Structure formats: C-alpha cells, structure tokens
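Notes to accompany the following structure.
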Amino acid sequence: MTPRLLWIDDEIDMLKPHVMFLEKKGYEVATCNNGSDALRKCTAQPFDLILLDENMPGLSGLETLEGIKEIQPDVPVVMVTKNEEEDLMDQAIGAKIADYLIKPVNPNQILLTLKKNIHQREIVSEATQSAYSRAFGELQMQIADNPDFEQWKELYRSLVRWELQLSESAVQMGDMLATQKEEANAQFFRFVKRNYEDWVANPQERPLMSPDVMKRRVFPLLREGKRVMLFVLDNFRYDQWRALSPELSDDFYIDEDLYLGILPTATGYARNAIFAGLMPADIKKMYPHLWVEETEEEGKNLHEEDLLRLQMERFRQKERFSYHKLNDSQAVERLLNAMPAESDVPFTVFVVNFIDILSHARTDSRMVRELARDEAAYRSITLSWFRHTAVKELFAALAKKDVEILITTDHGSIYVDTPVKVIGDREVNTNLRYKLGRNLSYPQREVFEMKKPERFGLPAPNLSTTYIYTSGRRFFAYPNNYNHYVQYYRNTFQHGGISMEEMLIPLVVLHPKSRR
C-alpha cells in the first residue's frame, strides 16, 4: 500500500523538488498552501503523515495542527519551521507532534522522519528478527555448554530480552524463541537436579536463595543506617519486571539482579523461607507452631511477620519494622494516607498479592483467561495494574524520600500445556507443578523426585513422604476424569515446579534520583 502524505506550506511551489523526490521513493504526496485547505483535505481523505509549516498566513501552524487532531487524531504531524524559539517547540511538542524539522530541510532529513513515523515498526521488526536469527546459534551453544548459575542468569536475561523485542514481530520468530526456551528449560531442569541438594547443604557457597535474601541483601543496608522498604510482589516474573521497570526509571536509579527461588516454588514454602531466613524443614523444626502443613486448611502465610521478627532477633537486628499485606488498591490508598506515620520506621515490608490473584483468576475465569491469553497479554495486564492503581502513586511518593527500596518476589510462574499423569492417595496436595505424598506413582524420567526431603531442606509429614516436581511446561493430572482435568488446566499459568520463569526471579534495588 502506497503511503499517503500531505505537505502544508505557504511556499509549497518552492518545495516541488522535495515532493518529486518523495514520489520517486514511492510516496503519494498531496499539497496545499494554507491551513483551511489542509483541513478540507483531511476531512476528505485519511493521510499516513502530514508535514506542516509553522508560519503561514491565515491559520497558523499550531491552529492548523489543532484542527488536524480533531479530524484525524492519530495521524503523525511533523512541524517544519524556521523558528528555533524554545517556547514554540514546547507548544508544538505539547500538542503531540511526531517530529520537529528546522528549515531549510533536505530530502534525506524528510525521508528519515518518514521512516521513523510511518515505517518504524516494520523496520524494527525486520531488524529484530534478523538480529535474533543471528543470535539464535550463540544462544543454543550457551544452553548446551553446561552453564553455571551466573551464566544461567545472563542466558535467561537474554531470552527475556528477545521475547520482549519479538512479541510484536512475526509469529514464526515467536515460535522459534518458544522452542528455544523449552530447550533451555530442559537443561535448566537438569542443572537444578544436579545441584539442588548441594545448595541446601552448603549455604555459604550456594547462589543467593530465598532464605538468604534478608541476611545478604536487606540487613547489610540496615546496618549502614539506611531506611529500607521491601516490596514482595507475590508470583512476579522477571519478564513482568522488565515490562514495568520503565515506569520507575524517571524517578529511580535501578540496580537489577536475579536470585534463585527454593523448591517448591510455592508461596507457603518460598515466601516463608524469605521471612524466616530458613529452609522450610528448619522453620518446622525451630518454630513448629508457625509451620502449616499442606493438609491443614489454615492459610500458609499467616505468620510472616512473626517469622521476620524471629529472624531479626537471631541476627541481632534491633531496628523497628512494620509489615503490611496489600491485597487491593484500597489497602494501598490507606497506606498512602498513613505514610507520615511510617516516616521514622527504619524497615518497612509490603507484601503485594495482585499478580498471584490475577494468576489464579485467569485459571478460574474464562473472561480473565481471554484477557491474559498469553505471556505478552499477561505482562500487559500487570503493567496496566501498575500504571492505573495506587501502587504507582506509592512509588512516586517514595521517590521523594531518603530510602532504599527493594522489589522482589517469592517465585514466578510458567505457562503450562503438557499433562503428566500422576497417581496418589487422598492426602496428596492439589498443586499442579509439585506433589508430595506417600504413595505416588509417576513417570520418573519426567520429574525431579526427593525421596529424602530433609536432605533438600523440606519437612516430611511422614517417613515415606516423597516430593516430585515437573519441568518446563508440564503439569500433573490425575487419570480420573483426565480429559476434563487437562482441558481445564491446559494453557494456564502455574507455579511450584522447576523452570527459569519460576526459579530465576527479580531482586531489584531502587535509589531515588531526588537524593542525588
């Protein structure tokens, strides 16, 4: 389809060489020499881009711009002017022009602005696909080259970066990346199986894991006398963080890292491990009254504040702290109103549950599943939530304070579509990505089994308890009513098992720019 341009200039006859140049480049160019005629042309037909002179008799360029936006609000308008005054530029930019050119303009300048404003998505898409095609082989080599933990972090960052860049590109490239992520997750599964027991046994030598977050990242800041605010966003993936991080970059300098969530990648285990500073087996051993078994109906995260207090006592952290659980915007708004009372508290913790609620709602609600139909849509809803709720207002308020802000999570989630049959008794837990019980039957090649849970930092309700985990995009399904069960849970986001998305999770420090 030939792009259609409108060029408005009171000296349009002098610009015929430029018009001919653009026509040779494949553009259809309509012209007029005043604002009134331009508005009539805009009413008569749509344009892909409009070049607008600022200084014309009759309707001025800014007045014509206002009229154009009423008729064709989405058309990009490029202001062309001899006037370099800053005030005029501000007015034009405020009126949402697409670009600003200073006369005299040359044909290549015009061509560049056309490419930026008409063809940018196409050019970027082609360039991104070409760049990913070149990077594909290198990523395959990295996946196959037995990466260590730091290399896995960089590899996952690269895959997420390509996923975000390719999300609006050709379908075949998205499929190609999805296949590569599956291969990476298969290797990551083997990596975790080989190393997890050693990580549990050697806390001084392991990567940063859930029980280490407080003592290795939070307490050192408190000892330096800094005021710290910790946000734990339940079920928050790294790609979701990358989608919303630009919303914070104007107000904060950002230090970003990934850490390793423990198994199971479920709130009752991973988040309690963060607040207790202990593996789940040690929580049960040291504080049995604060540990809730899978079979108990009591909420699994009702004791986070108590666990944090006990951890601070163990490490002789005497700072006062406050703990807030934020389940909706009303809770955030109440907190904003109470911010002055929080101003002298050295350590504040916020647990934000929206993303986990969204994940479960997506499974249970057909409408929410349609809105968050894939990973790109899931990211988009997370970003919309951040932009349009009081959470963003909370961060804007904190940007004006002398405070270190940490954002992290307990685990991520993964899009599942491949069932794995498992058989168990009535006491087996309901999670789709991990199971624990005494009489489990399962395909051993497709799971990571822990027959002696204590060696993996996990409590064993019975002597013969086994934990099993799925990998990649698999989920456990029971043979009874199998087809109905699979149809209901296929293409949902789940957590509890082993994947980069669930275990390689963000740990971010925000430094307010207002302090610098």
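Small disclaimer: the values here were computed from a predicted structure and weren't measured.
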Kindly write out the residues that satisfy salt bridge (charged side-chain N to carboxylate O under 4.0 Å, His left out) with D417, not counting sequence neighbours, or none if the list is empty.
R473
Got a sec, which pairs hit salt bridge (Lys or Arg N to Asp or Glu O under 4.0 Å) with one end in residues 107-116, sequence neighbours left out?
D99-K116
Shortest non-hydrogen separation from R227 to V345 and the atoms involved:
NE-O, 3.3 Å
Looking at E63, I want to see if its CD is surrounded by more than 12 non-hydrogen atoms of other residues, nucleotides or ligands under 6.0 Å.
yes
Can you check side-chain contact (heavy atoms from CB on, under 4.5 Å) on M229 and L406, steps first, answer last?
CA-CA 6 Å; M229 290 192 168; L406 284 79; over 6 Å; no
Verdict with reasoning, R474 to F189, per side-chain contact (heavy atoms from CB on, under 4.5 Å):
CA-CA 12 Å; R474 297 178 177 87; F189 178 69; over 6 Å; no
Y27: what forms a ring-ring contact (aromatic ring centres under 6.0 Å, His included) with it, not counting sequence neighbours?
H119
Atom CZ of residue position R373 - does it have more than 12 heavy atoms of other residues, nucleotides or ligands inside 6.0 Å?
no
Donor-acceptor pair, side chain of E224 and main chain of L221, under 3.5 angstrom:
no
Minimal non-hydrogen separation, Q494 against T492, with atom names:
NE2-OG1, 2.9 Å
Taking D212 for its side chain and L208 for its backbone only, find out whether a donor-acceptor pair lies under 3.5 Å.
no
Output yes when E150 and K153 qualify as a salt bridge under the 4.0 Å nitrogen-oxygen rule, no when they do not.
yes
So ring-ring contact (aromatic ring centres under 6.0 Å, His included) across residues 28-78, not counting sequence neighbours, yields none
ring-ring contact (aromatic ring centres under 6.0 Å, His included) against Y156, all qualifying residues, sequence neighbours excluded
Y238
Let me check something: any side-chain donor-acceptor pairs from residues 498-506 under 3.5 Å, sequence neighbours excluded? List them with distances.
residue	atom	partner	partner atom	Å
S499	OG	E502	N	3.1
S499	OG	E502	OE1	2.7
E501	OE1	N185	ND2	3.1
E501	OE2	K181	NZ	3.3
E502	OE1	R433	NH2	2.5
E502	OE1	S499	N	3.4
E502	OE2	T265	OG1	3.4
E502	OE2	R433	NE	3.2
E502	OE2	G496	N	3.0
E502	OE2	G497	N	2.8

Taking all non-hydrogen atoms of both residues into account, name the closest pair between N235 and Q240 and its distance.
O-OE1, 3.8 Å
Donor-acceptor pair, side chain of S167 and main chain of L164, under 3.5 angstrom:
yes
Donor-acceptor pair, side chain of K69 and main chain of T64, under 3.5 angstrom:
no
Listed partners of E138 passing salt bridge (charged side-chain N to carboxylate O under 4.0 Å, His left out), at least two apart:
none
Exceeds 12 heavy-atom contacts within 6.0 angstrom, atom CD of Q45:
yes
Are R157 and D257 close enough for a salt bridge, meaning some N to O gap below 4.0 Å?
yes
So, taking the atom named CG in L230 and the one named CZ in R217, what distance separates them when rounded to the nearest 0.5 Å?
12.5 Å
So salt bridge (Lys or Arg N to Asp or Glu O under 4.0 Å) across residues 30-50, not counting sequence neighbours, yields D37-R40
Does I102 form a side-chain contact (heavy atoms from CB on, under 4.5 Å) with T81? I'd like the steps, not just the answer.
CA-CA 5 Å; I102 303 297; T81 180; 4.3 Å; yes
Whether the side chain of H18 engages the backbone of V105 through a donor-acceptor N/O pair (distance < 3.5 Å, no angle test) should be reported.
yes
Hey, is the main chain of A376 close enough, under 3.5 Å, to the side chain of S380 for a donor-acceptor pair?
no
Between the main-chain N or O of P246 and the side-chain N or O of S249, is there a donor-acceptor pair closer than 3.5 Å?
yes
In terms of heavy-atom contacts, T409 and L233 come closest through OG1-O, 2.5 Å
Please determine, by modelled atom types, if E304 and Y323 share a side-chain donor-acceptor pair under 3.5 angstrom.
yes
Looking at every non-hydrogen atom in both residues, tell me the closest pair between T470 and L432 and how far apart they are.
OG1-O, 4.4 Å
At what distance, to the nearest 0.5 angstrom, does CG of L398 lie from CG of L248?
10.5 Å
Is it true that the side chains of N301 and N272 contain a donor and an acceptor less than 3.5 Å apart?
yes
Indicate yes or no for a side-chain donor-acceptor contact from D145 to the backbone of P147 under 3.5 Å, with no hydrogens or angles considered.
no
Show every ring-ring contact (aromatic ring centres under 6.0 Å, His included) that has at least one partner inside residues 375-404, sequence neighbours left out.
F231-F395, F354-W385, Y378-F493, F386-F395
Give me each pair satisfying salt bridge (Lys or Arg N to Asp or Glu O under 4.0 Å) with a member in residues 13-26, each pair once, sequence neighbours excluded.
none
Show your working on side-chain contact (heavy atoms from CB on, under 4.5 Å) between N108 and F21 and close with a plain yes or no.
CA-CA 10 Å; N108 285 328; F21 171 81; 4.2 Å; yes
Under 4.0 Å between a Lys/Arg side-chain N and an Asp/Glu carboxylate O for R379 and E163?
yes
Tell me whether E247 contacts the main-chain N or O of R387 through its side chain, where contact means a donor paired with an acceptor under 3.5 Å.
no
One thing to verify: whether K325 and E305 come together as a salt bridge, which I'm taking to mean a side-chain N less than 4.0 angstrom from a carboxylate O.
no
ring-ring contact (aromatic ring centres under 6.0 Å, His included) with F188: which residues, sequence neighbours excluded?
W152
All ring-ring contact (aromatic ring centres under 6.0 Å, His included) counterparts of W241, not counting sequence neighbours:
none
For T267 against H495, the heavy-atom pair lying closest together:
N-CE1, 4.4 Å
